[in-house]
There are 2 protein chains.
Amino acid sequence: MTRREKFRQITIDEIKSLARLQMAEGGTASLSLNAIARQMGMSGPALYRYFENRDALLTALIVDAYHDLASELEETAARFADQTARECLKQVLLTYRRWALDHPVDFQLIFGNPIPGYQAEEALTAPSAGKVFAPILRILERAYRLENRAFPAFLAEIPSPLRVGLAASLQENQPDLLQQVVYIGLVGWYHIHGMIMLELFQHIQPLINEPALFYQFEIERLMDQMNL
Amino acid sequence: MTRREKFRQITIDEIKSLARLQMAEGGTASLSLNAIARQMGMSGPALYRYFENRDALLTALIVDAYHDLASELEETAARFADQTARECLKQVLLTYRRWALDHPVDFQLIFGNPIPGYQAEEALTAPSAGKVFAPILRILERAYRLENRAFPAFLAEIPSPLRVGLAASLQENQPDLLQQVVYIGLVGWYHIHGMIMLELFQHIQPLINEPALFYQFEIERLMDQMNL
DNA sequence: CACATTAGTTATAATATATAACTTATGTTA
DNA sequence: TAACATAAGTTATATATTATAACTAATGTG
């Protein structure tokens, strides 16, 4: 990495960092390239040397967010790899919520509704999205394959035309995933996602005194259902 | 209602309608007062006679969306009021999904992340949010109070510091709701919410070939858990 | 030290929200 | 019906924004 490339990277990082700060204050729509440039003490158009346009900056932030979340989940999964699958999954799901609350803007960038006027570049963001789901699937696979846990009974009653599966691009390194594991993973994902969304957007607070406790109790219940 | 007020209302409705159309095409951030005015054949500033600013228009759209969803849910609840609570709830939850799919923009306005730069006026939107939750609670109350269904076993294991209840603003016409009912309602809400998000925003890669079937199967499972 | 590349600059075009000041249409009332 | 107040629209303007074009200054290399 040449000296120039190094400085360039520093500048890019500063831009992204200020962008995140800006959105943390005024919401995901308050992102202004001009304002960032001003804060950095340079003129607006200078930013276009680093990001082709506003959407390119947003895409970069989204990819970063995916990576950050994924790596935190992976880290937790690794740290508890020697525990039971249930304990490991529990810790991963707790990390998931923790990350969402600690990085509300990043979470919205990933899972919130599309930014006004912004069309996500699927090609760029999709591979990163898969990385988030991967550790969960891996733990489930461990539970049902290595720990030989029985699949929950309800799986047998899934109506036959219903099929779930991973897109080809996600299947790398996850060769013969069982259909059942994906189904259970999906159920788990929508459970935690529903809870976190409601909490993050303040829909849950009027109804409950301790969201953290609610979340903990519900993921225990979820894992009971999963027969973990 | 005077003649003037009538025409004024028509204009307001046209503005809102065009706003929704615009957002349906370009996302929630593509809302432009100027563009609406142009489409209506008048100058930009004229719109400010009808809405103080952009946020006021957005707030109006959000309140409308809440009302529309709530009234559809109420209608379904009323139509199936003579059936079992389970059947009635099932129909209401199906309506919920149907509405979300038919009105993606409205759904995003309500439950998506806050629009960039837009700070929801809690005072204006919170009461409307309660109206969406109300029919679900009413059906659950009917099930456990009138139909005398037993509460699911897991309720007994809720950790004691955890308390659920309705905020005062939501409690109108719902005087002494059981804590348990609210808890179950909350669980139901986050379930369907998570599923709809999953389907609508396709954030996660595992693909479902028949989302409708998935949803149906999962709400049956949900109601089994609720012991309905 | 010459020179190509990179990184910045100013100027400008096109739009956006929003306000101010002015004008026209509309309905009411003396 | 004429006078008048109000409502609804206009144009002009201030201040942002994104983005492009054209130019200049800095930087590192041969």
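Below, chain A is the first sequence line, B the second, and so on; all start at residue 1. Please read these numbers as outputs of a predicted model, since none were measured by experiment. Basis for what follows: all heavy atoms, side chains included, without hydrogens, waters or symmetry-related copies.
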Have a look at the helix from C/dC1-D/dG30 to C/dA30-D/dT1 and give the angle its two end axes make, five pairs each, rounded to 10 degrees. 10°
Minimum-distance nucleotide (side-chain atoms of [X] versus [options]):
X       : options                : result
B/Tyr48 : D/dG9, C/dT17, D/dA16  : C/dT17
B/Ser43 : C/dA16, D/dT11, D/dA16 : D/dT11
B/Pro45 : C/dA16, C/dA20, D/dT20 : C/dA20
A/Arg3  : D/dG28, D/dT20, D/dT17 : D/dG28
A/Met42 : C/dT9, C/dT17, D/dT10  : C/dT9
B/Ser32 : C/dA16, D/dT18, C/dT10 : C/dA16

Mind calculating the distance between [atom1] ([X]) and [atom2] ([N]) to the nearest angstrom?
X       : N      : atom1 : atom2 : result
A/Asn53 : D/dA21 : CG    : P     : 14 Å
A/Lys6  : C/dT6  : NZ    : P     : 18 Å
B/Arg49 : D/dT6  : CZ    : P     : 13 Å
A/Asp55 : D/dT17 : CG    : P     : 17 Å
B/Phe7  : C/dA25 : CZ    : P     : 16 Å
A/Arg8  : C/dA7  : CZ    : C1'   : 9 Å
A/Ile36 : D/dA19 : CD1   : C1'   : 15 Å
A/Ile10 : C/dG8  : CD1   : C1'   : 17 Å

Using 4.0 Å as the upper bound for N to carboxylate O, is an ion pair formed by B/Glu74 and B/Arg138? yes
Can you find a heavy atom in the side chain of A/Arg97 that is under 4.5 Å from one in the side chain of A/Glu199?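 A/Arg97 vs A/Glu199: side chains touch.
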Do B/Leu94 and B/Tyr215 have side chains that approach each other closer than 4.5 Å (heavy atoms only, starting at C-beta)?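 In contact.
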Suppose we call two aromatic rings close when their centres sit under 6.0 Å apart. Are A/Phe107 and A/His193 close by that rule?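 For A/Phe107 and A/His193, the ring centres are under 6.0 Å apart.
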Is there a donor in the side chain of A/Tyr190 and an acceptor in the side chain of B/Glu218, or the other way round, less than 3.5 Å apart? yes
Go through the side-chain N and O atoms of B/Trp99 and B/Asp68 and say whether any donor and acceptor fall under 3.5 Å apart. yes
Within the pair B/Asn34 and C/dT17, is there a side-chain N or O less than 4.0 Å away from OP1 or OP2? yes
Across the strands shown, which category fits A/Leu31 at heavy-atom distances under 4.0 angstrom: base, sugar-phosphate, nothing?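 If one applies the 4.0 Å heavy-atom cut-off, A/Leu31 turns out to touch the sugar-phosphate alone, with no base involved.
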Quick one: do A/Trp189 and A/Phe111 satisfy ring pair (Phe, Tyr, Trp, His ring centres under 6.0 Å)? Show the steps, please. CA-CA 12 Å; A/Trp189 190 83; A/Phe111 296 117; 5.8 Å; yes
Donor/acceptor link under 3.5 angstrom from B/Arg4 side chain onto base of C/dT26: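 Result: at least one qualifying N/O pair found.
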